[in-house]
Student: 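This structure is in structure tokens; I'll ask about it shortly.
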Amino acid sequence: MKFRYIQEKGLILEPLDSSGVEEVLVEFEPLVIRRVVECNMRTGEKQERYYVAIKDIHGNIGEEHGINSFHNIRYYVDFGQPDGLITAHKRALLEYKLQSEATCMEAKVVPLYPPGLYKTIDGDYVYLLGDCLIKSGEREVKRIGSQSSFEIKEKGCDLPPRRLWAEEARRFISFLPGGTEMIFYASLLGIVKPFVGIQNEFPDFITAIIGKSGSMKTSLVRKYALWNSNLELQEINFQSSDHISDILARINSLSGMNFLVDDLHTVYATQTKNQQRDRLDKLARYICGHPQCANVFVTGEHLKDMGIFSVYDRMIWISMPQMSPQELHRLKRKMRELPDSFMAHLALEFAMELVGNYEKVLQDIQEFFRAYVPLGFEDPTTRLMRHVQFLRLVEYLYRLYVCKGDCNLACQHEFEKALERNVRYQQKFLLQQRKAEEETDYIKAVYECLTNQDKYIHVDTNSMGYMPNDNNCLLEGGYYYITSIALVNGLVRYLGKSVRLSEVSKALSDAGVLDSDLDTRTKKKRGRRHYAIHCALLERTYKAGIVSF
């Protein structure tokens, strides 16, 4: 069976007999340009792939397309050639033509590198970040753009010599004291995450940048953490119409890199608000179960009423420092001086150092966790202690392999101060959130309000000078005398949520700690009604663990 192409006519099937009648199959000719065998360098699996192009009726050859099979090629969709009248018999003939051409071609074996960090079947350690391949034993990255749509930003002409990169990075770390120290290392967590994942240590948290509108939070994340030349591939808005499953698939495909879910803000439509909360919840929980996925950032004006305690506990917050309009304007102008592509190439340099010292890096990570000492301000009852540990690991590896151990170049002290500032703020919120979600033990709450050294309610022991107000009580004769307003105010400060006075008074009455007048739960003191709470009975009930709801 022979085929022949004639310009202005198309592909001809030559007759098998002496009739001399030639049949025009189609008004174009499909051609096999090359045949390759793609070898997955992580698993060793091989897959044959063919690159097909079309010669149109005028003899012009179009762009080639890679396919895995010649069966049912979509000539119109993929090549722009009408195929509505191509019969099943003609399709079979075209398939036979392409198979015959491919059989005569020598297949070229092409290595295929999946994204992420792994040991290849050849025994090399490789790290594919976007379209940049980093291989152990090589001091330069290799671009494999044909394999990936994620293209790391080009260097441009604005970068200093490589030997000065650690010094240049200090400008990024210290750009906004109290904020960018953490943003810098949270960005590089994207690089470190696969290394710790190999050792079953999972940095399973989101980094949340919180600040008022216009406080540069999104601009800073883009400058520091989004290393791709096409930002849209690494970023999506919270109100995007994309389905959450598609967003999670994108995050899963970006091992070693960062992803931004931008602009979480207060909305008043119930459906939109629920959509935001649901999206944040699924993001936080997905990251916990997929240790090799991208490192995720979210930005928002605040995070109040955006989820439950377990969601907030799966984040680390970076609160943008308060700035005057003049200072904000100055910083926005100053940020333009930071090279756009610098962080992308610093990340590549960092990855190159880690891959080049692969075995030692794994040992350093193990030793870091074994000898780890908390800074002292972390609350062990939350996941924050673990989140802090991972960011400190990033700083440690960066200091070791990029700064050659120099604490000043890594801004270690400034970074730890920023950690303390932000973590203390988040821990306070977490405590309030936990209390708000718990069923309230009012005996415990009242006892701790009254005995916490005036933190929630001022306790006056001078009966002559006592004048009841909204924030004080009197300790006299073994009783706390407190008005209903002062009691509610103190409990609101302690619990971080509204309370029902009827529930509080019932709990105190049921526990038998109140002294009261007939037909009421209160007593008169200084012309006003007070709850008279027996100090010893309250303490005894509290220590016995009696819970009243």
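Just so it is clear, the values below take in all heavy atoms, side chains as well, and ignore hydrogens, waters and symmetry mates.
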Student: Begin with the C-alpha distance, continue with both residues' side-chain angles, and end with the deciding distance and a verdict on salt bridge (charged side-chain N to carboxylate O under 4.0 Å, His left out) for Asp278 and Lys282.
Tutor: CA-CA 6 Å; Asp278 181 64; Lys282 287 179 177 175; 3.3 Å; yes
Student: Would Ser240 and Arg279 count as a side-chain hydrogen bond (donor to acceptor under 3.5 Å, both in side chains) if you check the C-alpha gap in whole Å, the side-chain angles of each, and the deciding distance to 0.1 Å?
Tutor: CA-CA 10 Å; Ser240 166; Arg279 186 161 284 188; 4.6 Å; no
Student: For residues Asp379 and Thr381, is any side-chain donor paired with an opposing acceptor at under 3.5 Å?
Tutor: yes
Student: Ignoring hydrogens and geometry beyond distance, is a side-chain donor-acceptor pair present between Asn295 and Asn258 at under 3.5 Å?
Tutor: yes
Student: Of all the heavy-atom pairs spanning Arg399 and Ala410, show the shortest one and how long it is.
Tutor: CB-CB, 3.8 Å
Student: Can you confirm whether or not the ring centre of Phe369 sits under 6.0 Å from the ring centre of Phe390?
Tutor: yes
Student: Using modelled atom types and a 3.5 Å cut-off, is there a donor and acceptor pairing between side-chain atoms of Arg171 and backbone atoms of Glu337?
Tutor: yes
Student: May I ask you to decide whether Glu395 forms a salt bridge with Arg392, counting only side-chain N to carboxylate O separations under 4.0 Å?
Tutor: no
Student: Would one find more than 12 heavy atoms of other residues, nucleotides or ligands at under 6.0 Å from atom CD of Glu367?
Tutor: yes
Student: Do Val446 and Tyr542 pass the side-chain contact (heavy atoms from CB on, under 4.5 Å) test, and can you show the C-alpha distance, the side-chain angles, and the key distance before you say yes or no?
Tutor: CA-CA 9 Å; Val446 170; Tyr542 167 75; over 6 Å; no
Student: For a quick check under 3.5 Å, do Glu448 and Tyr494 share a side-chain donor-acceptor pair by atom type?
Tutor: yes
Student: Taking the side chain as every heavy atom from C-beta outward, state whether Ser319 and Arg421 have any pair of such atoms under 4.5 Å apart.
Tutor: yes
Student: Are Phe429 and Tyr425 close enough that their ring centers fall under 6.0 Å?
Tutor: no
Student: Side-chain contact, heavy-atom cut-off 4.5 Å: Phe175 with Met216?
Tutor: yes
Student: Between the main-chain N or O of Ile318 and the side-chain N or O of Lys217, is there a donor-acceptor pair closer than 3.5 Å?
Tutor: no
Student: Tyr286 vs His290 aromatic rings, parallel, tilted or perpendicular, using cut-offs 30° and 60°?
Tutor: parallel
Student: Which word best sums up how the rings of Phe342 and Trp165 line up, parallel for under 30°, tilted for 30 to 60°, or perpendicular for over 60°?
Tutor: perpendicular
Student: Show your working on salt bridge (charged side-chain N to carboxylate O under 4.0 Å, His left out) between Lys119 and Asp124 and close with a plain yes or no.
Tutor: CA-CA 6 Å; Lys119 190 175 184 177; Asp124 295 319; over 6 Å; no
Student: Check the angle between the aromatic planes of Tyr358 and Tyr125 and answer parallel, tilted or perpendicular using the 30° and 60° thresholds.
Tutor: parallel
Student: Just wondering, more than 12 heavy atoms not from Arg333 lying within 6.0 Å of its CZ?
Tutor: no
Student: May I ask you to decide whether Arg424 forms a salt bridge with Glu378, counting only side-chain N to carboxylate O separations under 4.0 Å?
Tutor: no
Student: Tell me if the CZ atom of Arg500 is crowded by more than 12 foreign heavy atoms within 6.0 Å.
Tutor: no
Student: Could you tell me which non-hydrogen atom of Gly116 sits nearest to which non-hydrogen atom of Ser255, and how far apart they are?
Tutor: CA-OG, 3.6 Å
Student: If you round to the nearest 0.5 Å, how far is CD of Glu168 from CG of Leu409?
Tutor: 12.0 Å
Student: Inspect the contact between Lys404 and Glu353 and indicate whether a charged nitrogen and a carboxylate oxygen are less than 4.0 angstrom apart.
Tutor: yes
Student: Less than 4.0 Å between a side-chain N and a carboxylate O, is that true for Arg250 and Asp246?
Tutor: no
